[in-house]
Each structure stands twice: as structure tokens, then as C-alpha cells.
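Note that the coordinates shown come from a computational prediction; the quantities given were computed from them, not determined experimentally. Below, chain A is the first sequence line, B the second, and so on; all start at residue 1.
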Amino acid sequence: MRGDILLCDLDAFYASVEQLDHPELKGKPVIVGGLHGNRGVVAACSYEARAFGVRSAMPTVVAKKLCPQAIIRPVNMKRYQELSAKVLNIYESFTPLIEVVSIDEAYLEVGKGRGVITGTEIRKAVQKELSLAVSIGVSSNKLLAKISSNLAKPNGLKALWPKDAPQVLGGYSVRIIPGVGPKTADFLKSFGIDNISELSKYPIGWFRNHLGARGIELFNYVNWVDERPLELNREQKSIGREITFTEDISDKEKLLAILNELSQEVGYRLRKTGFKAKTLSIKIRFPDFTTITRSKTPGYLLYTDGDLFKIAKTLFEELKLVKPLRLIGVTVSNLDKELQLSLFTEEEKNEDKLAEVIDRINEKFGNGTIKRCGGKG
DNA sequence: AGAAAGCGTCTCCCCCAA
DNA sequence: CTAGTTGGGGGAGACGCT
């Protein structure tokens, strides 16, 4: 039997960091993101801004109408990553069983019956050491931990166990279930289903018939059954870069030049993380917002800027575009770390192999089993 | 009604081979 | 010999997060 599951979610993370780094913003409506000519959207906003109806993903022009006095800050991803790492360090001092979901969110597993006390201590530690608020949901599975973390916000902790869930959650919209977005909610509404207790009346066959494999998962969820284990070593599956132009672009040469830039940026990040890619996709958005992607898996591993751009260019030209574009992007996926031919020098290669061997042995027999004698490490 | 970033992952569908 | 099944890979788009 596994232990208690915690979902730790930093409150209004980007906005809170801005308020932390710029104390004059404390207590004020803050919007992070939202620049980019007049085409920006809100990436994150403080609770003071939310009081005016401002939300993530809202166009800045709309947010400004709702809250003209909001202070708009650019995204400073490096800083957020730095603080996120510090938060993870604190989590690690409580348990080694951590699944990092995103920059501001992680599942933790602790001893059975220890969830509430550990969660309370974690909240205190993060507040004391980093001055950040973290909301925590506690349960015996990931689903209810996630849902109760949302009920705990802002700056709270809530435990919710499967036996209490029907009573506590029955009246809430089906949208509280992660994975039930606007489309699924609309579909359910066409059957007159709005809230959790209505949905939970349907038998498994109904879910299977109407929603397939996803439906069976949803049936389990709405009965508060969720056996998903924590994924402790999640590896990145794709690397991408995209840009929305401040004004639509139709010039093909210009678009190709931008595609080249983006390919180089993706190539740099690919090599920096030691991956090679099997697949490259380009993404294109037209002024009317219709978005398409096209991808290619050329049969050899991609890692040089030249190869990335070559494929991107081919995909772009195959589209025979005539309309102007609003956005263009490049993404690589099917990442491969094993079969890579190193770009490093021979010496660095040996250095890497040695590091790898040491890592393997320590993994197998425990840390500190072997170490390097002097030199690097 | 009008406005809509930049990441990333998931899921559906198709095709092919065993 | 033919039809159905399964599993993997590729491609496209939906979805979710700040």
C-alpha cells in the first residue's frame, strides 16, 4: 500500500516572484507577460489582479480594460527556474519521492497518515526560507491531491479522501477533473450533465461507448479511483521555439530567415541537453488563428542547425503558402539520448563516458561507492 | 463579442507488419 | 487464402499550464 500523495502548487507563481523581487508590487494587481506589441496574453497574474477578473491566457487588451491600473511585468523565466529549483530542494528535504510536473507544481509521496503534517511543515518551510506561498492538496491518489490543491488555494492546505469526495465534490462542475476541458464539458452538457454527482451516476459502459479509452479513465476518476504512480524521472519529450509576429508577415524570404533563427535556437538547446531528435515539426498560424503543424521523421538523427533548418525549410516549402502568417515555430521530438554521436572532442567524450560509468555504479550500489581521484568531479 | 503567447504533453487516427 | 487483431511509428491537432 502506498503512502499519502501531496500536490504542491506555488500560488500565482510568476506574479509572486515579481512581487518578491520588487517589493513595491506587493499588494498590487500584477500581470506577468502580456507585452509583445498589442498581441500579448496574460501568462500569470497576482490575486489582486484576479479580483478584477483578470485570468491567465487572457488577451492583454482585455485584461487592461478589466484592470487598467495593473502593473505589467515581462516574463523572467531564468529567475522563476532558479526559485523553482530552490523549492524542489526544500521538498527533497522531506521526501525523495517527487514527481516534478511543471515549474510550479510537484507530486510528493510521504508515509501513510503523514500527508497533512508533512504538508503543513512544507508550507511553513517554503514560506520561511523563500517567502513564497505554496498550496497543497493531500489525498491517497494524484487526482484528489490535485483537485484538493485547487480547493486549498490561495495559500492553504486541504486534505480530501476518496470516501469524502462524493459528498464534498458532488456539486462542483465536471471541469474540476483534470483533463475535462471545454470540449469534453460541452459534450457532457449535451446529455444534461453539469456537475460531478450527475456524471457519477452513469455506468462504465456509457463512458466507454461515448468516450472510448479516455471515457474509462474518466469513469474511474469520477469514482475517485486513480492508481497512477508517481513518475520520478520524467524526461523531456520535445523542445520547441515559436514566435508570434507583432505584424503578420507574408514575405517568404523573411519567414525562411526566421525559421532559420528558430532552428538554431532549438539546435542549441538540443545539444546543450545532450539530445538528438528523430522528428522535426513546424507550426504555422494564420491571421484568422487557424493553426497547422507539419512534421517529418527523416530516418537519421537531427542535431545540427543545418539539418534542422533543412527539414524545416522543406516542410515550409511543401505547404506552398500564399497567405500571410501570424506565427511560426519549430519543434523537435522523439528525443534520443542513447544513440547519440557526441559533438564533443575525444577527451570530453572520455570524460563523459567516465562520468556515465561512475553514475551507473553509484546508482546500482549506492552513492559514494566510487568517486574520481582528483581532477574533475 | 473580440481577442487570443509560448511553451510542452496527450490522444486520436492512420498505416503497416506480424 | 483471406479477414481480423495487435502493436508500433508517424502525423496532426487538441489540450493544459504559467
To the nearest Å, give me how far apart CD (A/E265) and C1' (B/dC7) are. 13 Å

Kindly indicate whether the side chain of A/I98, heavy atoms from C-beta on, has any atom under 4.5 Å from the side chain of A/L230. no

Counting primed atoms plus P, OP1 and OP2 as sugar-phosphate and everything else as base, spell out the protein contacts along nucleotides 8-13 of chain B at 4.0 Å heavy-atom distance: B, S or - for each nucleotide, 5' to 3'. SBSSS-

Atom CE of A/M77 and atom P of B/dC7: how far apart are they, to the nearest Å? 8 Å

Nucleotides 5-11 of chain C: which of its N/O atoms have a protein N/O under 3.5 Å away?
residue: C/dG11; atom: OP2; partner: A/T297; partner atom: N; Å: 3.2
residue: C/dG11; atom: OP2; partner: A/T297; partner atom: OG1; Å: 2.6

A/V62 vs A/F245, nearer the 5' end of DNA chain B by closest nucleotide: A/V62

Does a side-chain N or O from A/R285 land closer than 4.0 Å to OP1 or OP2 of B/dA4, or not? no

Which value, in whole Å, describes the distance between the C1' atoms of nucleotides B/dC16 and C/dA3? 16 Å

Main-chain N/O of A/N76 paired with A/Y80 side-chain donor or acceptor, under 3.5 Å: yes

Taking the six-membered ring of A/Y268 as reference, does the cationic atom of A/R271 (NZ for Lys, CZ for Arg) lie under 6.0 Å from its centre and within 45° of its axis? no

Output the single nucleotide from B/dA5, B/dA3, C/dT18 whose closest atom is nearest the side chain of A/A44. C/dT18

When you compare B/dA1 with C/dT18, how far apart are their P atoms, in angstrom units rounded to a whole number? 29 Å

So, A/D336 and A/K278, do they make that salt bridge, N to O below 4.0 Å? no

On a whole-Å scale, what distance lies between the C1' atoms belonging to C/dC15 and B/dA4? 15 Å

